[in-house]
Amino acid sequence: MTSYLVRRAIQSFFLLWLVSALFFTFQRLTPGGPQAYLVDPRLSEGDKERLAEDWGLHEPIHLQYFKWVSHVVRGDLGRSFQDRRPVTEKILERLPNTLYLSAASLFLGLLGIPLGVWAAVNRNRFPDHLVRLTTVVVNAVPDWWLGLMLLILTASYLKIFPLSGMYTIGQDSLPDRLWHLILPAVVGATNGLIAYARIIRSEMLETLGQDYVRTARSKGLRERTVLYRHALRNSLIPVATGIGPTITGLVGGSVVYERVFSWPGIGRLMYDAAIQRDYPVAMGLFFVFTILVILGLLISDVAYVVADPRVRLE
Amino acid sequence: MSDVAPAERPRTAPQPSMGTRSANPRIGTGGGPAPGYCMVSWRRFRRDRASVAALGGFLLVCFVALTAPLLTTHVLHTDPARQRLENRFHPPSTRHLLGTDEYGRDQLTRLIHGARVSIAFALLVTAIQILLGVVVGLWAGYYGGWVDDLFSAVLLLYRGLPFLYVLIFVAMIWRPTFLSLAILFGAFGWTNEARLVRGQALSVKGHDYVDAARVIGATDSRIIFCHILPNILSIVLVVVGFGIATTILGEAAISFLGFGIQPPTPSWGNMLINSLDYVRRAWWLALTPGVAISFTVLCVFLIADGLRDALDPRLGQ
């Protein structure tokens, strides 16, 4: 296990290095360079030159990259073109908001497990058909559009939920925050919910046919105990592997969710940085996102081993 | 080399009950030639009513997309680019069946023209993905060696990349066009296909008939294209379905953010760019493109499901 983790860490390190080198070069070598967009037309050519000089854009690309990396190692991702604030600071103040929303979506998505059990127990009856039909249909609907529709219906017309943001300005309290969290979390949860419901349904159907389930039943155990202690526990293993892609999806999708719900997270920051062509911020965010995705994959691999003692990582 | 003709595919498990006809094409049905593999698959596909309905739905969308200019000029008498500012935010009515948008353009007309863009995009991307995926997958699966190692490394790299952010990052540098976006989507999406093809090629490679072909002196390319490829084609077809669906969804998301297909060209995704600003006054503008996306993707998913069951009954089990 330890050797596996060490190997994965080395692998992840190389991955990060490759991705950052690739995108750094890509960003700096574009025609006109990153400074092409940042200055307004009132600046003279001389001013542009001095700005580029100031930001070290005239140095050879490998030196620029080396400089960037040596700063990143010390936790410095550069300064924003837009407001000159340190990128690290900008990202760190937004990161908790994204993690908060993603965690809420992740946990809400786990509700797919009881849904899958419900469908499996009532195989070929109404609940099963309902769950199967819903998963097929919702799977085809873009989740962010579903969020948009919910927003229009519940926030704009019925006025049950707030239209945007994390909390009501000036009235920051826990109930208020939860109230703002519901819609975005539900939308973020749909993908995971559907995936888990599907996986658990088919896994449960398989497990329920096993001998040990029959043994448990013939021992006279309550149906609840048989379902949740015997059958479900063995059906949960694929869910452990599914968590990685779910985290990846949530992190990757954050830019869309946060745009729809005006959520002040790093996805929103990426959107704004892209609109303003704020390269240092975008580059820093890209780096952070890659780390988050790699972490998500690592968590799912480890969870797989923890959940299933039969699996050994070489 | 007629020993493995398509009609005698060894992977198609004979089904015991297929009505009056036998599922095994070799046995035949008395009179006339035996139905081929495609015929048998089609019969199986046809029995699943949901898939047939989905096929009809998808063909309808494709038909609308193909005939978009004709439909809008001669049936609706509208132009997708015609702005009438006095007609802004017109709710659905008999004159504008789906209402009008922020520039007074007819929403239904734009939706029909958007179908053209979104469907063409999905098909082009899937074609690129399949080409790359099949070539790399077959190579990695059949030959193994350094191509296989390189393929695993690329998979690892792609797994760690948030695709949406790559697209946004690239859009910051170059204004995306239809073609550049399609190439990006293709370059990032082919790994799924390749992984599947590789796995299948690896398992088919071990079959006796491949050894038999090699023994009688068939070349590698002949084995790959005449023996392995036909046997994994059914899986490729199913993956094509899922590729189309995922591409439509991905294009919609990136275009919704404004980093995909650029307006004024309408795509189902970029018709939603401004919808956030209108949630209070024009719900129909947000509703219709999403319904179009969901309907098409649902149809494609159902077709792919039906195809999987029809082409290879063992896969569904």
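Only heavy atoms go into these numbers, but all of them, side chains included; no hydrogens, no water, no symmetry mates. The sequence lines fix the lettering, A, B, ..., with proteins before strands; numbering per chain opens at 1.
- Using a 4.5 Å heavy-atom cutoff, the side chains of B:L257 and A:V255 are in contact.
- Contact of the A:N139 side chain with the B:F301 side chain is registered, since non-hydrogen atoms from C-beta on lie closer than 4.5 Å.
- Of the two parts of A:V251, only the backbone, made up of N, CA, C and O, holds a non-hydrogen atom closer than 4.5 Å to a non-hydrogen atom of chain B.
- Chosen from A:S254, A:G249, A:G267, A:S262, the residue pairing most often with chain B at heavy-atom distances under 4.5 Å is A:S254.
- For a residue to count as touching a neighbouring chain, one of its non-hydrogen atoms must lie under 4.5 Å from one of that chain's; by this rule B:L272 touches chain A with the side chain only.
- A heavy-atom distance below 4.5 Å is not found between the side chains of B:I293 and A:W145.
- Contact between A:A140 and B:L249 at its shortest, heavy atoms only, is O-CD2, 3.9 Å.
- Annotation: A:R123, atom CZ; neighbour count of heavy atoms from other residues, nucleotides and ligands within 6.0 Å does not exceed 12.
- Between A:F286 and B:Y165, the ring center distance fails the sub-6.0 Å criterion.
- Proximity of A:M149 to B:W283: side-chain heavy atoms (C-beta onward) are nowhere separated by under 4.5 Å.
- Heavy-atom distances place the backbone of B:A171, and not its side chain, under 4.5 Å from chain A.
- Residues B:P162 and A:T248 form no side-chain contact, since every pair of their non-hydrogen atoms from C-beta on lies 4.5 Å or further apart.
- Of all heavy-atom pairs spanning A:M270 and B:I168, the tightest one is CE-CG2, 4.0 Å.
- Annotation: the span from B:L157 atom CG to A:Q11 atom CD amounts to 11.5 Å, rounded to 0.5 Å.
- Taking B:V300, B:L302, B:V297, B:V170 one by one and counting their heavy-atom pairs under 4.5 Å with chain A, the maximum is reached by B:V297.
- Both the backbone and the side chain of B:A252 have a heavy atom closer than 4.5 Å to some heavy atom of chain A.
- Using a 4.5 Å cut-off between heavy atoms, B:F163 makes no contact with chain A at all.
- The CE atom of B:M172 sits 7.0 Å away from the CG atom of A:D278 when rounded to the nearest 0.5 Å.
- Paired with B:F169 under the rule ring-ring contact (aromatic ring centres under 6.0 Å, His included), one option of A:F24, A:Y271, A:F23, A:F289 passes, and it is A:F23.
- Within the 4.5 Å cutoff, the side chain of B:I254 has no heavy atoms near those of the A:V256 side chain.
- Among all heavy-atom pairs drawn from B:L164 and A:G252, the shortest one is CD2-O, 3.6 Å.
- Chain A forms more heavy-atom pairs under 4.5 Å with one residue of B:V291, B:D305, B:T296 than with any other, namely B:V291.
- Heavy atoms only, all atoms of each residue included: A:L148 and B:A286 are closest at CD2-CB, 3.9 Å.
- Counting non-hydrogen atoms of other residues, nucleotides and ligands closer than 6.0 Å to CD of A:Q210 gives a total above 12.
- With chain B as the partner, the residue from A:L153, A:L146, A:V137, A:V260 showing the most heavy-atom pairs under 4.5 Å is A:V260.
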